[in-house]
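Read the structure below first, then the notes.
Source: prediction; values computed, not measured. Residue numbers count from 1 along this sequence.
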Amino acid sequence: MGEFLQINVPDCPSGLKINEYFSYPSISLIFASLSISCFIFATIIAFKYNSVDVFNKKIRTQTISNTLWIVYYLSLGLRGASNTIRYAMDKAKEEHIEEVFFIASLTLHGFTALALSLALNHQRRYRSTSQQQATFRENEPLLLQQIQQENRNSSKWTANIKKHISLLEVFFLLCFICFLVFVYIEIDKEDTIFYYILLGFFILQHIPIIVLVLMIAFAFSREGPTKKSRAFIILGAIFNLSNYLPLFVWAKYLPGGCPMYIFSYVDLIQLFDFASLLFFFLFLRSEYVRNQEECIWTAVSQIQDTFDFRLF
């Protein structure tokens, strides 16, 4: 790996029994806790905040779907698990394996930014303005979409994809692909120029996150998120700023040593992720509750107008 990408974090704490089992104890345990927290949040969202029950049938529409948030939490959890293994192992004896987990971690970091951008853009498109919500309600029958989904032919499926994927989301994906390309080029070529191009695409991937948060939080719509929800998403975005630079960059420019004995400054930066996870979860939960009742009433109304109750 390139010289820039091999910068190590401070070894905190050092000289203890735990160092026999973890090369970098504090950051290994932080990432392990982060990974477990992410998987717990993803499970809660999947089972409690991703659909509504109407006549014993689960309904999931764009206005209440949190599938992209589940992807975000899962990818962040996998990144935490990868970093846990990477910083726990003995690098002197397992250098090749450590390199594999480093690449996996960096790839997942980029994918996490992609997933968060998609989740926030979904919020902006379907839940942050009354006009967009009304358009969706008119064009997407709730239960009809669920029951007839298996009977759609390939042309309708393609049309549906085009309808729900915007140019902005294509841009997010292209940034992620460019980031991946330069990750592997830098690792192979070990060139300073490629390193800074890689860093540029890494930062570029995260810029849409803060832009989308500002658009959601300060959207002028009476039917958009509540003031409490807006506060949650702003706080989540603020604590998420620690992810706008890779870990090896923080390790390079922050002071070394262990100012708090068991924690370094790099460790403290990673602790911000926990606050970010919590505030994003509170935001999506608040939005789910806000849209849940309307979704149920719309579904019941469409059942009365469209469906044979014997189907249920």
Side-chain angles (χ1 to χ4, degrees), residues 1-43 71-113 115-116 179-180 183-184 186-188 190 195 198-199 202 239-278:
M1 289 185 290
E3 177 185 354
F4 290 101
L5 307 184
Q6 288 183 324
I7 299 173
N8 289 325
V9 298
D11 182 8
C12 301
S14 59
L16 300 179
K17 187 71 174 178
I18 194 173
N19 293 94
E20 298 178 7
Y21 307 98
F22 297 93
S23 295
Y24 299 93
S26 59
I27 201 163
S28 297
L29 295 176
I30 287 173
F31 276 122
S33 301
L34 179 67
S35 179
I36 294 171
S37 299
C38 286
F39 292 140
I40 291 174
F41 276 126
T43 302
V71 174
Y72 167 67
Y73 278 93
L74 288 177
S75 60
L76 189 56
L78 290 173
R79 174 190 152 217
S82 178
N83 276 324
T84 300
I85 298 172
R86 180 190 174 207
Y87 287 108
M89 67 176 56
D90 188 340
K91 294 179 174 54
K93 297 180 180 179
E94 305 175 66
E95 183 176 352
H96 177 69
I97 300 178
E98 187 271 335
E99 181 176 332
V100 171
F101 279 102
F102 171 79
I103 296 172
S105 172
L106 202 55
T107 300
L108 285 167
H109 202 150
F111 184 78
T112 300
L116 182 55
F179 166 73
L180 284 185
V183 164
Y184 294 104
E186 164 58 22
I187 290 172
D188 180 57
E190 302 186 11
Y195 166 79
L198 165 64
L199 194 58
F202 188 94
F239 284 108
N240 187 253
L241 289 173
S242 61
N243 289 307
Y244 284 39
L245 290 173
L247 188 61
F248 55 82
V249 174
W250 289 115
K252 180 179 180 180
Y253 292 105
L254 288 175
C258 305
M260 296 185 179
Y261 181 62
I262 61 172
F263 291 124
S264 67
Y265 287 109
V266 177
D267 298 332
L268 295 177
I269 286 291
Q270 298 310 305
L271 289 175
F272 290 158
D273 267 340
F274 291 94
S276 177
L277 289 176
L278 176 60

Nearest heavy-atom neighbours spanning [X] and [Y]:
X	Y	answer
Ser75	Phe111	CB-CD2, 3.5 Å
Asn243	Phe202	O-CE2, 3.4 Å
Ile30	Phe274	O-CZ, 3.5 Å
Pro246	Leu199	CD-CD1, 3.6 Å
Leu76	Leu277	CD2-CD2, 3.3 Å

[atom1]/[X] to [atom2]/[Y] distance, rounded to the nearest 0.5 angstrom?
X	Y	atom1	atom2	answer
Phe101	Ser82	CZ	OG	6.0 Å
Asn83	His109	CG	NE2	9.0 Å
Ile269	Leu247	CD1	CG	10.0 Å
Asp273	Leu278	CG	CG	12.5 Å
Leu198	Phe179	CG	CZ	5.5 Å
Tyr87	Phe102	OH	CZ	7.5 Å

Check: residues 31-40 side-chain donor-acceptor pairs under 3.5 Å, at least two apart:
unit_1: Ser33; atom_1: OG; unit_2: Leu29; atom_2: O; d: 2.9
unit_1: Ser35; atom_1: OG; unit_2: Gly77; atom_2: O; d: 2.8
unit_1: Ser37; atom_1: OG; unit_2: Ser33; atom_2: O; d: 2.8

Requested in this report: Kindly indicate whether the side chain of Asn240, heavy atoms from C-beta on, has any atom under 4.5 Å from the side chain of Leu116.
Outcome: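 Side-chain contact under 4.5 Å: yes.
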
Requested in this report: Look at atom OH of Tyr265 and say whether more than 12 heavy atoms of other residues, nucleotides or ligands are closer to it than 6.0 Å.
Outcome: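 Not more than 12 within 6.0 Å, no.
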
Requested in this report: Take Tyr184 and Asp188 through the side-chain contact (heavy atoms from CB on, under 4.5 Å) test and state the conclusion after the steps.
Outcome: CA-CA 6 Å; Tyr184 294 104; Asp188 180 57; over 6 Å; no

Query - From CA spacing to verdict: side-chain contact (heavy atoms from CB on, under 4.5 Å), Val249, Lys252 - result: CA-CA 5 Å; Val249 174; Lys252 180 179 180 180; 5.7 Å; no

Query raised in the report: Given Phe272 and Leu241, is the side-chain contact (heavy atoms from CB on, under 4.5 Å) satisfied, shown in steps?
Result: CA-CA 9 Å; Phe272 290 158; Leu241 289 173; over 6 Å; no

Report task. Verify whether one side chain among Asp267 and Ser264 offers a donor that lies under 3.5 Å from an acceptor in the other. Result ->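 Per modelled atom types, Asp267 and Ser264 side chains form a pair under 3.5 Å.
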
Query raised in the report: Side chain of Trp250, backbone of Ser242: donor and acceptor closer than 3.5 Å?
Result: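 Answer holds: yes.
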
